[in-house]
Amino acid sequence: MNQDELFKKVISHAKEYGFVFPSSEIYDGLSAVYDYGQNGVELKKNIRDYWWKSMVQMHENIVGLDAAIFMHPKTWDASGHTSAFNDPLIDNKDSKKRYRADVLVEDYAEKLRLKAAKEIEKAAKRFGETFDAKLYAETNPRVKNYLDEAEESVQRLARSLNAEDLDDVKALIEEKGIVCPLSGSKNWTEVRQFNLMFSTQMGSTAEGASKLYLRPETAQGIFVNFLNVQKTGRMKIPFGIAQTGKAFRNEIVARQFIFRMREFEQMEMQFFVRPGEELKWYEYWKEKRLAWHKSLGIDESYYRFHDHEKLAHYANAASDIEFNFPFGFKELEGIHSRTDFDLKAHEEHSGKKLQFFDPDLGESYIPYVVETSIGLDRMFLALFSSSYREEILEDGSERIVLKLPMPLAPVKAAILPLVKKDGLPEISREILSELQLEYSVQYDEKDAIGKRYRRHDAIGTPFCITVDFQTKEDGTVTLRNRDTMQQERIKREDLASELAKHLNMSNLLKK
Ligand code: GAP
């Protein structure tokens, strides 16, 4: 199955099994807005919980916060979002389609890199074991040309955007012969900046109302509460504040399912450090966050770092953890060294001091900040798409299985009476009420047992517990493992401890 097919299947599976629905679907949906169904909401909650536990519960010096979505409008002047939270847009005059100019150039560079990779792959097959891919990439004129061209385009894009030279971005698109993906035309408009914040009004009368923005990131809620938390929590530098919550962006290139949404959820942590120590902490959090991803057991080849050439207006270093989504490697999480930009700006705009008195140094300063910021919906997509498998079984039949990390699965176990009579449903419901104190479990008696197994494989349920006639005789049940499909007979009273070995989040947190 190629990646396009995989992506289509992932989207339809997400809908068919109650994970993700288009928003207001009965009215034909709302572009780039999605709803999470009965299984999606559980998976999303589990990802959020795992993030929260590993960031807040597992760190003595990180605490949580839940700031409001609406913030004083001056917040966004201070943060630079009113003036600088823009995307460079370009329209194609023939197709009338609007694109992000930077995405057009980045996609062009990625295509060149893919071409180079294909050439290298072909050569590797031709030359066999002695093949040195690095040397080949440096010396084969065609491959070198592809890679140089990709690098040069991305570098020039970064330079032009940093210098706010939008004419040069357009010139770059024209020089490289980049065409509209829809029409194939090169008939482009000028490049313009477009602010991504949604606005609304607070107040009952049009005259008295003030313009508010829906927050485009959760981070600012943390900055404006920095002193509240530091003082009331008696926090000492270095310390962190973590928050999860909705953010809103009027994305122009809203595509790729829940990868780029207009309403989405972020999980962010701001780590406040001594000035001059930020790059040390930046490296620390890069490694720490990658380790968090790896603890989930997805193959390591799915992740890579991408250090930024073009830095956001607030950062002195930034890197993305990219994930190999069905449409290629894309940003999953950002780790940013944000300097003292935000706290300093809020000091200036509010007239309130936002400083920390460091007892060890005997002086006050505005802390520097290292931020980790991950999109919950993107993390959902990363897990969902990399867990989706179509397997041919030994007897030739097929199954679709979601091999989600077990502690994050929406339903942890299904309790299945072999038949709907002879007391088996009653025993099953007893087991259900025992287990539901700890886990989200389901009772399922409809259809043949094989069909029920498939239904639970498809939503990633790690265990199926079958209650049969032997259960009545000796108090044992069968426990079927989603991944191995092996079944073992165990005593009813051992169920909880056996499940705990696989399902508890502490298994992941220990890694
Ligand atoms: N506070 C820093 C910040 O917001 P960002 O790189 O703009 O940085 C952080 O966003 C993360 O939020 C991204 O890595 C991504 O996972 C997620 N994200 C950003 N825009 C998104 C969108 N339109 N839809 C879904 N997730 C998004």
Side-chain angles (χ1 to χ4, degrees), residues 20 23 30-34 36 44 47-48 51 65 67 69 71 75-76 78-81 84-87 100 102-103 106 194-198 213-224 240-271 282 285-286 289-290 292-293 303-308 310-323 325 327 329-339 341-343 345 369-385:
V20 183
S23 159
L30 184 64
S31 167
V33 185
Y34 291 89
Y36 286 84
K44 201 175 167 199
I47 300 171
R48 192 193 295 111
W51 182 87
L65 179 79
I69 287 171
M71 298 185 69
T75 308
W76 308 111
S79 67
H81 282 83
F85 192 54
N86 301 317
D87 271 349
R100 268 177 56 180
D102 56 332
V103 172
E106 271 155 19
F194 175 85
N195 193 285
L196 298 183
M197 283 196 293
F198 282 105
Y213 293 102
L214 300 188
R215 68 181 176 196
E217 61 171 11
T218 60
Q220 297 305 323
I222 293 180
F223 290 122
V224 300
I241 305 178
Q243 170 166 231
T244 69
K246 289 270 176 141
F248 304 83
R249 296 182 188 179
N250 196 359
E251 299 283 1
I252 294 310
V253 186
R255 52 181 173 158
Q256 293 161 331
F257 192 36
I258 55 171
F259 179 80
R260 197 177 297 287
M261 301 158 88
R262 296 202 163 107
E263 174 182 339
F264 58 100
E265 191 164 338
Q266 287 186 315
M267 306 190 287
E268 299 203 292
M269 192 278 299
Q270 315 296 130
F271 200 68
Y282 166 72
W285 281 109
K286 265 178 83 173
R289 291 301 305 148
L290 188 62
W292 181 85
H293 287 282
Y303 300 95
R304 72 181 186 198
F305 278 119
H306 167 236
D307 294 330
H308 285 204
K310 176 185 185 289
L311 291 171
H313 58 279
Y314 50 72
N316 70 357
S319 188
D320 296 336
I321 295 175
E322 292 189 337
F323 187 82
F325 289 99
F327 37 85
F329 273 97
K330 295 272 178 219
E331 174 184 346
L332 170 60
E333 169 157 8
I335 295 105
H336 311 125
S337 171
R338 286 180 85 128
T339 69
F341 174 87
D342 302 85
L343 288 179
V369 172
V370 176
E371 156 185 86
T372 71
S373 175
I374 175 168
L376 176 49
D377 312 88
R378 273 191 201 178
M379 188 61 210
F380 183 110
L381 181 58
L383 278 177
F384 195 88
S385 58

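Both counts, for ligands and for their atoms, begin at 1 and track the order of listing.
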Identify all pairs of nitrogen or oxygen atoms, one from ligand 1 and one from the protein, separated by less than 3.5 Å, and list them with distances.
{"unit_1": "ligand 1", "atom_1": "1 (N)", "unit_2": "Glu217", "atom_2": "OE1", "d": "2.6"}
{"unit_1": "ligand 1", "atom_1": "1 (N)", "unit_2": "Glu268", "atom_2": "OE2", "d": "2.5"}
{"unit_1": "ligand 1", "atom_1": "1 (N)", "unit_2": "Arg338", "atom_2": "NH1", "d": "3.3"}
{"unit_1": "ligand 1", "atom_1": "1 (N)", "unit_2": "Glu371", "atom_2": "OE1", "d": "3.4"}
{"unit_1": "ligand 1", "atom_1": "1 (N)", "unit_2": "Glu371", "atom_2": "OE2", "d": "2.9"}
{"unit_1": "ligand 1", "atom_1": "4 (O)", "unit_2": "Arg249", "atom_2": "NH2", "d": "2.9"}
{"unit_1": "ligand 1", "atom_1": "4 (O)", "unit_2": "Gln266", "atom_2": "NE2", "d": "3.0"}
{"unit_1": "ligand 1", "atom_1": "6 (O)", "unit_2": "Glu331", "atom_2": "OE2", "d": "3.1"}
{"unit_1": "ligand 1", "atom_1": "7 (O)", "unit_2": "Arg249", "atom_2": "NH1", "d": "2.8"}
{"unit_1": "ligand 1", "atom_1": "7 (O)", "unit_2": "Arg249", "atom_2": "NH2", "d": "3.0"}
{"unit_1": "ligand 1", "atom_1": "10 (O)", "unit_2": "Gln266", "atom_2": "NE2", "d": "3.4"}
{"unit_1": "ligand 1", "atom_1": "12 (O)", "unit_2": "Gln266", "atom_2": "NE2", "d": "3.3"}
{"unit_1": "ligand 1", "atom_1": "14 (O)", "unit_2": "Glu331", "atom_2": "OE2", "d": "2.5"}
{"unit_1": "ligand 1", "atom_1": "14 (O)", "unit_2": "Leu332", "atom_2": "O", "d": "3.4"}
{"unit_1": "ligand 1", "atom_1": "16 (O)", "unit_2": "Leu332", "atom_2": "O", "d": "2.8"}
{"unit_1": "ligand 1", "atom_1": "16 (O)", "unit_2": "Gly375", "atom_2": "N", "d": "2.9"}
{"unit_1": "ligand 1", "atom_1": "20 (N)", "unit_2": "Arg249", "atom_2": "NH1", "d": "3.3"}
{"unit_1": "ligand 1", "atom_1": "23 (N)", "unit_2": "Glu251", "atom_2": "OE2", "d": "2.8"}
{"unit_1": "ligand 1", "atom_1": "23 (N)", "unit_2": "Met261", "atom_2": "N", "d": "3.4"}
{"unit_1": "ligand 1", "atom_1": "23 (N)", "unit_2": "Met261", "atom_2": "O", "d": "2.8"}
{"unit_1": "ligand 1", "atom_1": "24 (N)", "unit_2": "Phe259", "atom_2": "O", "d": "3.4"}
{"unit_1": "ligand 1", "atom_1": "24 (N)", "unit_2": "Met261", "atom_2": "N", "d": "2.8"}

Next item on the list: Give the intermediate values and the outcome of ring pair (Phe, Tyr, Trp, His ring centres under 6.0 Å) for residues Tyr213 and Phe198.
Entry: CA-CA 6 Å; Tyr213 293 102; Phe198 282 105; over 10 Å; no
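In terms of the ring pair (Phe, Tyr, Trp, His ring centres under 6.0 Å) criterion, Phe305 has no residue partners (sequence neighbours excluded). Among residues two or more places apart in sequence or in another chain, the side-chain hydrogen bond (donor to acceptor under 3.5 Å, both in side chains) test is passed with Gln220 by Glu217, Asp342, His346. For Phe257, the ring pair (Phe, Tyr, Trp, His ring centres under 6.0 Å) partners two or more places apart in sequence, or in a different chain, are Tyr34.
In the model, Tyr282 has no side-chain atom that pairs as donor or acceptor with a side-chain atom of Asn316 under 3.5 Å.
Using cut-offs of 30° and 60° on the angle between ring planes, the pair Phe325 and Phe259 is perpendicular.
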